[in-house]
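Here the structure is laid out as structure tokens; the discussion comes afterwards.
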There are 2 protein chains.
Amino acid sequence: MTNSSTVHHTSECVRVSEVLARVGDKWSIQVIATLGEGPRRFSELKRGIDGVSQRMLTLTLRGLERDGLITRKVTPSIPPRVDYALTDVGKSLLEPVKALGDWAIANRTTVDAARSIYDARTDDI
Amino acid sequence: MTNSSTVHHTSECVRVSEVLARVGDKWSIQVIATLGEGPRRFSELKRGIDGVSQRMLTLTLRGLERDGLITRKVTPSIPPRVDYALTDVGKSLLEPVKALGDWAIANRTTVDAARSIYDARTDDI
DNA sequence: GGAATTAGTCACTTTGATGTGCCTTTGTTA
DNA sequence: TAACAAAGGCACATCAAAGTGACTAATTCC
């Protein structure tokens with residue numbers, strides 16, 4: 001233990017970090033957003049999410065399924081069919097994520113400007 | 001271009017992902033949360049955030065400064081003194097992040113339960 | 001008969017993020 | 001006289017995340 005003043009919000013921060021880690025990877029948000037429009041099968045997700053590899057889509061879906069954010073329904077036909085859909089928990093996550101998205105849209109120019117200024121300033125050092 | 005049905009929300013998703021990448025790393029949230037309580041100097045942040053190395057704190061602060069989320073005020077004394085504080089943009093980010101934090105707290109047991117079930121189910125396959 | 005489809009898995013490589021330990025600078029303190 | 005303080009910088013090591021390409025099954029379509 002290195003401090004005491006921040007102990008009360010440290011665990012909360014860790015929790016937030018966990019969610020952000022869960023949802024902050026390269027593909028989870030796009031999967032959740034796509035499934036927010038309705039159930040999709042694997043190949044539909046793959047086609048809909050630009051640049052995702054089969055492997056990464058599989059891993060992402062497994063992770064989301066593990067955390068109970070999506071369901072996976074297998075139809076053992078030939079060729080096989082697997083449908084993914086958001087659970088209620090998954091849907092509820094859509095809301096705070098959208099809030100963050102709104103912030104991103106609202107502040108994109110400000111952030112971009114700050115970035116340009118910073119880069120220009122540090123370039124000539 | 002691989003699809004058309006998701007074109008309209010793809011850029012939005014990318015934006016959200018950028019914010020999540022910005023804020024979803026290991027330390028940014030804790031820095032922002034700590035600075036949410038008021039300005040802090042480097043060593044205070046380092047002591048307050050458990051486990052962060054000097055290097056990672058520096059990198060995190062540089063990144064946040066670059067995006068205009070925090071300010072860095074140098075007082076050239078001996079020993080040097082550097083104060084960090086949230087900008088208005090940084091403060092505004094606190095809100096949606098808190099929303100996500102609330103979701104995390106509200107759903108922690110649900111997610112943990114789902115995870116246990118999933119792990120138990122996949123263990124014996 | 002050969003190609004395409006579906007939902008993956010497997011082995012391998014590459015990239016990026018993170019961590020560790022040592023160095024500096026000048027003044028104060030033990 | 002030697003250590004310590006603050007706020008890093010720098011070189012190096014490590015490790016997890018992400019990407020790549022090949023392979024599978026059975027069936028239908030051409």
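Residue numbering restarts at 1 for every chain, and letters A, B, ... go by the order of the sequence lines.
Between A:K46 and C:dT6, a side-chain N or O to OP1/OP2 separation shorter than 4.0 Å is absent. One finds no side-chain N or O of B:R47 lying less than 4.0 angstrom from the OP1 or OP2 phosphate oxygen of D:dA5. Side-chain nitrogen and oxygen atoms of A:R72 include none within less than 4.0 Å of the OP1 or OP2 phosphate oxygen of C:dA7.
Distances were taken from every side-chain heavy atom of A:I78 (C-beta onward) to each of C:dG19, D:dA26, C:dT26; the shortest belongs to D:dA26. Considering only side-chain atoms of B:P80, the nucleotide from D:dA7, D:dG19, D:dG8 that sits closest is D:dA7. For B:P79, counting side-chain heavy atoms from C-beta on, the closest listed nucleotide (D:dA18, C:dG19, D:dA6) is D:dA6. Checking C:dT18, C:dG19, C:dG8 against the side-chain heavy atoms of B:D25 singles out C:dT18 as nearest. Taking every side-chain heavy atom of B:V82 into account, D:dA7 is the closest of D:dA7, C:dT6, C:dG8.
The residue from A:L93, A:L94, A:L100 that alone fulfils the side-chain contact (heavy atoms from CB on, under 4.5 Å) condition with A:P96 is A:L93. Test A:R40, A:R72, A:E65 against A:Y84 for side-chain hydrogen bond (donor to acceptor under 3.5 Å, both in side chains) and you get one pass: A:R72.
A distance-only check finds no donor-acceptor pair linking the side chain of B:T75 to the backbone of B:S77 [under 3.5 Å]. Side chain of B:N107 to backbone of B:T110: no donor-acceptor contact under 3.5 angstrom is found.
If you measure from atom CZ of A:R81 to atom C1' of D:dT28, you get 16 Å, rounded to the nearest angstrom. The NZ atom of B:K73 sits 19 Å away from the C1' atom of D:dG8 (whole-angstrom rounding). Taking atom CG of A:L59 as the reference point, atom P of D:dA17 lies 10 Å away to the nearest angstrom. Between A:M56 atom CE and C:dT15 atom P the separation is 16 Å, expressed in whole Å. As rounded to whole Å, 11 Å separates atom C1' of D:dC15 from atom NZ of B:K26. Here C:dT9 presents its P atom at 11 Å from CG of A:L61, a figure rounded to the nearest Å. One interatomic measurement links the two molecules: CG of A:L57 to P of D:dA18, which rounds to 13 Å at whole-angstrom precision. Atoms CD (A:Q54) and P (D:dC23) sit 14 Å apart, rounded to a whole Å.
Residue contacts shown for A:R55 include a base, since a base heavy atom lies under 4.0 Å away. Contacts of A:S43 with the nucleic acid, taken as non-hydrogen atoms under 4.0 Å apart, involve only primed sugar atoms and P, OP1 or OP2.
Using modelled atom types, one finds a donor on one side chain and an acceptor on the other under 3.5 Å when comparing B:S28 with B:D25.
Nearer the 5' end of DNA chain D, as judged by each residue's closest nucleotide, is the contact made by B:R41, out of B:R41 and B:T58.
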